[in-house]
Amino acid sequence: MNWSTWIRQFHRWLSIIFTAVVAAIFITLGVGVEPAYWVYLMPLIPLGLLMLSGLYLFALPYAMRWRSGRRTA
């Protein structure tokens with residue numbers, strides 16, 4: 001498995017984790033339980049990693065085109 005495939009798979013799993021954490025927070029709020037303050041900060045960790053891996057995946061086609069020497073006007 002090459003580096004890009006690994007990053008893509010990591011990004012997919014992170015999105016599942018992020019969605020589950022946010023859903024869990026909303027479920028606890030819907031039940032009427034007020035979670036601790038640090039629980040609200042939990043989604044920031046996967047969100048930051050999602051941003052980094054997403055920026056890499058976004059720039060990947062441009063970097064490959066630039067490395068191959070093909071220019072578009």
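Basis for what follows: all heavy atoms, side chains included, without hydrogens, waters or symmetry-related copies. All of these numbers come straight from a predicted model, not from anything done at the bench.
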Review point. CG of Leu14 to CE of Met51: how many Å apart, nearest 0.5 Å?
Key: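 These two atoms lie 12.5 Å from each other.
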Exercise for review: State the CG-CG distance between Leu50 and Leu44, to the nearest 0.5 angstrom.
Suggested key: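 Separation between the atoms: 11.5 Å.
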Point to revise | Within 6.0 Å of CG in Leu47, more than 12 heavy atoms from elsewhere | key: yes
Check your understanding: If two hydrophobic side chains count as joined below 4.5 Å and joins carry through other members, does Phe58 share a cluster with Ile7?
Key ->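 Different clusters.
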Review point. Side-chain heavy atoms under 4.5 angstrom apart, residues restricted to Ile, Leu, Val, Met, Phe, Trp, Tyr: same cluster for Leu55 and Leu49?
Key: no
Review point. According to the side chain to side chain donor-acceptor pair (under 3.5 Å) rule, which pairs have a member within residues 43-55, sequence neighbours left out?
Key: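 Of all non-adjacent pairs touching residues 43-55, those that pass side chain to side chain donor-acceptor pair (under 3.5 Å) are His11-Ser53.
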Practice item. Any side chain to side chain donor-acceptor pair (under 3.5 Å) involving residues 15-27? Give me the pairs, sequence neighbours left out, ordered by first then second residue. Key: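 Not a single pair qualifies under side chain to side chain donor-acceptor pair (under 3.5 Å).
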Check your understanding: Would Trp6 and Phe10 count as a ring pair (Phe, Tyr, Trp, His ring centres under 6.0 Å) if you check the C-alpha gap in whole Å, the side-chain angles of each, and the deciding distance to 0.1 Å?
Key -> CA-CA 6 Å; Trp6 188 86; Phe10 179 72; 5.4 Å; yes
Donor-acceptor pairs under 3.5 angstrom involving side-chain atoms of residues 20-43: please list them, not counting sequence neighbours.
from  : atom 1 : to    : atom 2 : distance (Å)
Thr28 : OG1    : Ala24 : O      : 3.3
Thr28 : OG1    : Ile25 : O      : 2.7
Glu34 : OE2    : Tyr40 : OH     : 2.9

Practice item. Could you check if a side-chain atom of Phe18 sits within less than 4.5 angstrom of a side-chain atom of Trp13, using non-hydrogen atoms only? Key: no
Check your understanding: Just wondering, do Arg12 and Ile17 contact through their side chains at under 4.5 Å, heavy atoms?
Key -> no
